[in-house]
Structure formats: structure tokens, C-alpha cells
2 protein chains.
Amino acid sequence: MRETILSETVLNETIPATILLIDDHPLLRKGVKQLIELDDELKVIAEASNAIDGIKMAKETEPDLILLDLNMPNINGIETLKMLRDEEVASRVIVFTVSDNEEDVVAALKAGADGYLLKDMEPEELLASLHQAALGKVVISDKLTTLLAQALQSGRSSNKSDISSLTPREKQIIKLIAGGLPNKLIARKLNITEGTVKVHVKHLLKKLHLRSRVEVAVWAVQEGLR
Amino acid sequence: MRETILSETVLNETIPATILLIDDHPLLRKGVKQLIELDDELKVIAEASNAIDGIKMAKETEPDLILLDLNMPNINGIETLKMLRDEEVASRVIVFTVSDNEEDVVAALKAGADGYLLKDMEPEELLASLHQAALGKVVISDKLTTLLAQALQSGRSSNKSDISSLTPREKQIIKLIAGGLPNKLIARKLNITEGTVKVHVKHLLKKLHLRSRVEVAVWAVQEGLR
DNA sequence: TCTAAAATACCTCTTTATAGGTACCACTTT
DNA sequence: AAAGTGGTACCTATAAAGAGGTATTTTAGA
């Protein structure tokens, strides 16, 4: 695949690592792309502004690295990551986001991310991290290492509240709880009986290891469920 | 201040609107700056990664526009905006953020923002909005207009939950509610009886025009009470 | 197609939460 | 001194929430 190179020492020839950007913010993509252009060992070969396009491009271009935003409309980053894995995309996926939330970090790594970098990092650090990532290393922003260590040592990685275990109905009810609705109104809204709502609440409390709907509401808000 | 221009029709001479970027993400700044460079009616003359530097630079450079991020460490965007106003900086301040949260939008505009743009907008739209802003127009992302209309018509701007009417004890209890504690545990923690906690809860519910502790918890979390 | 998971409904029982009232005390403002 | 505010306490009564169980129907996966 390597193209012919004119009048250049063959020994100095570097094959740039190819990168796909998936982020719904055009401006951010622009900034990252411009930064990466300064580095001849890295090359942005494709961009996408949503999960669907991103996955399509990943399959078409087979990049070495995928920089993936977490906070995207419709399909979020974690889901996108899982879909990429399902599609057997071989690229190394680096989550690139503003969220230094422990849940997000753990979820991303559990879902098989090969790195987790924060958008507020210095440009030089980002390039350095991408180099490492291209070499097969798992890269994590310095800020997060302490956080991760705590998460692991306190065993929270196994018993933390995990949205992935919830059924669609349960997620739906969580959002309504976070909206402050009592069971009776939730029932009316969903055209089911209050008793049934209680069953769902009971189940989701158990799954999330939470003690009350107040904790559910707080959790949901902090988790950014909408 | 206008520099000498060589061999150019004087009639076509445009004085670019000067812009100061305040955002803690270097990459985003990079992207925006690159975009603005394409437009010779706009010019980034300074950048800052935090509120303190931003305010200093605003006073030094007196830009026409300030693009201000909301989500910054230490001092957030709204506070920064207020500080700019206190310092009597004459620049038009455009909030530029990812948050399409109603509270944020309303808070920003109440604090005197001259615009509120979302980071996920298209580059062309951003440039167009900045042109409008430079002409003195208040620019709001299209996405937000519906939201704003609702906020105003439902009168939420005037009778929204206001923390200032709360007593210290009530604020304290709100934080504990948001921590998911039931009245009994709150009582233990504060060394008062559960009955007394109930009275406080009752009062604060009335003051905040909220219907349940769940709504209180959600409100507190979104309000960032800690 | 068979099966397991999900969603639904109804039951009882206990605990929490909310609303209303009265009352006392300390402190500040008028 | 009187009035107001904030914090405390106790009372009754109702509403809501949560835990336990059983059971039927749909839906989706193997």
C-alpha cells in the first residue's frame, strides 16, 4: 500500500499511523486535525460526525486508530465502541472526551477502549499519547490514573451502578423518576398500573444497588441520562 | 490603529472584528482560531485558558467579541461573565459551550451575555453568527430558541426555584437529601429529631415550589450544590 | 419452535414521606 | 417591648414508596 516516494532517504521513510476522528463537533475535529497535520507520523484519513457514519468509515478505511468522542447525540460513544467491536473493526479505539467521570472511564475501558484521553490535555501530550497508542500501548490521561486506581481498589469496578444491565423499560422509568414524577404519574404516562411501576422500580433499585428513588434520581442526573 | 495596506483598493479595506477566546481546551481554541483565520472580517487577537487570564487579556486587548466557554475548572463561565461585567469590560460576550441546558442558557443571558452559541454548530453558522454579533446583534443557536421561548412563556424565569430564600439549615438539609439520605439519617447526622427534619423539608419544598424530595435532589444536583 | 427474558398485574405488609396543626426558645429588627 | 425569623419539638393523618410473593402474556434469541 505504501506510495512511491521521490528523492527521499528510504531509511527515513515513515509510514504514518492512520486516524479516524469520530466527533459531533466540527470545530474540535478541525483543531485536532490541524494539530495532527504537524506530525508526519500521524495522519487523519477520515472524519465522521456520528456513530453510523463513523462505523461505516471505520470499515471502509480500516484506520490504525479511532479517536472517539463519548458525548454524541442519538448513539453515544460507549455504544459506538461496542458496535465497532461487534463489527470486528480491528482499529485501536481511543476515547477522546471531556468527561473525567469515573463511570465513563470504567465503562469505556470495560467496553474495550484502547485508551481514554481528555480533551483539555495539552496538544503536545495528545500527540505523544497518539504515538504511544499507535505502538499498541493503552493510553490514559494522567489526570485519570489516580481515579482509576481508586475505582479498582475499592472494587467499584464490579459492583458499581451499571446502566447496561437495565431493560429499556427500566431506563425509561429512571428518566421519569429523575424528572421528579411519583409512581402514580409514571403509571399514567406509560399507561400501566402503579403496581407495575413499583415492580420496575424495585428491580432497577436492585440492579443499580441503590437504596431509594432519590438516589436513582441523583445518579441519573449525574450520569446525564436524558 | 489600522495598519498600512499595500496595493489594495482602499474601498475594499475591512477592519476585522477582534476576538478573544476563553476556553480551557487548547484543541477547541485551535479549531476555532483556524476557522476564524479563513474569514478576513474576524481576527483572534488573544486566547486564554482560564477566567483570570481571560479577564486580564480582555482588559489589555479590549476585543470586540469574547467567546467564552461555560464549563471551565475553578471559575466557571457564568462567574467569569459577571466578573467581566464588574470590571466594566466593554466587549460583547458570546457564551460558547456544549451545554444546551435551559438553566445555563437562562443564567448566561441573565448575567448579560450577548449571545449563546453551541459548540456543535456548523463552522459556517458560527462565522455567520460572529458576524452578526460583531454588528451588535444578540446571537442564539437555533436549537435553543424553542427552549428559550418555553422558559419565558412558562414564566420560569421569574418564579424558578431560588436558593436565596433558604435558611442555612434548609440548604444544609437539601445537600443531604441530594446525597440520597432519608430523613432519619439526616436527623442522626444533624443531631436533631426526624420530626424536625420533616419540618425543614416541608418548608423548603414550599419555598422552592417543588413537590417532592426527589425534585429537590434533582434540582440540587443540577444547580451544582455541594 | 422452544425458551428465557421482559413486561405486565395483583396481593400484603412495613417503612418513609408529606401535610396540617401547635408550641417554645433564641435572636434580630423595628 | 413587640414583631419577625429561624430552629427546635411533638401530634395526627394520609399518601407514597419499597419489599416480598405469585402469575400471565409478549417478545426476542438460540
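Bear in mind the structure is a predicted one, so any value in this text is a computation, not a measurement. Residue numbering restarts at 1 for every chain, and letters A, B, ... go by the order of the sequence lines.
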*Closer than 4.0 Å, any side-chain N/O of Asn183(B) to the OP1 or OP2 of dT16(C)?*
no
*Quick one: Ile177(A) CD1 to dA16(D) P, roughly how many Å, whole number?*
15 Å
_If I take atom CZ in residue Arg213(B) and atom C1' in nucleotide dA15(D), what distance separates them, rounded to the nearest angstrom?_
14 Å
*asked:* Please compare Arg169(B) and Leu181(A) by the position of their nearest nucleotide in DNA chain D and report the one closer to 5'.
replied: Arg169(B)
*Write down the distance between CG (Asn191(B)) and P (dG7(D)), rounded to a whole number of angstrom.*
16 Å
*Check whether any side-chain N or O of Thr196(B) sits under 4.0 Å from OP1 or OP2 of dC10(D), and answer yes or no.*
no
*Just by distance, do the side chain of Ser91(B) and the backbone of Pro63(B) share a donor-acceptor pair under 3.5 Å?*
yes
*asked:* Between dG18(D) and Lys202(A), counting only base atoms on the nucleotide and side-chain atoms on the residue, is there a donor-acceptor pair under 3.5 Å?
replied: no
_Check: Arg92(B) side chain, Gly136(B) main-chain N or O, donor-acceptor pair, under 3.5 Å_ = yes
*Once you round it to whole Å, what is the distance between C1' of dT8(D) and CZ of Arg188(B)?*
19 Å
*What's the CD1-P distance between Ile186(B) and dT8(D), to the nearest Å?*
13 Å
*Could you tell me the separation between the CZ atom of Arg211(B) and the C1' atom of dT18(C), rounded to a whole number of Å?*
14 Å
*Send over the distance from Glu215(A) CD to dA17(D) P, rounded to a whole Å.*
16 Å
_By nearest atom, which of the nucleotides dA19(D), dA16(D), dA6(C) is closest to the Pro182(A) side chain?_
dA16(D)
_Length of the NZ-C1' vector between Lys198(A) and dC13(C), whole Å_ = 11 Å
_Sugar-phosphate, base or nothing in reach of His200(A), heavy atoms under 4.0 Å_ = base
*At under 4.0 Å between heavy atoms, what does Val199(B) touch on the DNA or RNA strands: base, sugar-phosphate, or nothing?*
base
*Is a side-chain N or O of Arg213(A) found less than 3.5 angstrom from the main chain of Ile177(A), in a donor-acceptor match?*
no
_Asp114(B) side chain to Ile94(B) backbone, donor-acceptor under 3.5 Å_ = no
_Can you see if the side chain of Lys171(A) gets near the phosphate of dA7(C) - specifically, an N or O under 4.0 Å from OP1 or OP2?_
no
*Between dA17(C), dG7(D), dA17(D), spot the one nearest the side chain of Glu194(A), thanks.*
dA17(D)
_Tell me if a side-chain donor or acceptor on Asp69(A) pairs with a main-chain N or O of Ile22(A) at a distance below 3.5 Å._
no
*asked:* Over all strands shown, is Lys184(A) touching base, sugar-phosphate only, or nothing at heavy-atom distances under 4.0 angstrom?
replied: sugar-phosphate
_Nearest to the Thr193(A) side chain among dA16(D), dC10(C), dA17(C), which nucleotide is it?_
dC10(C)
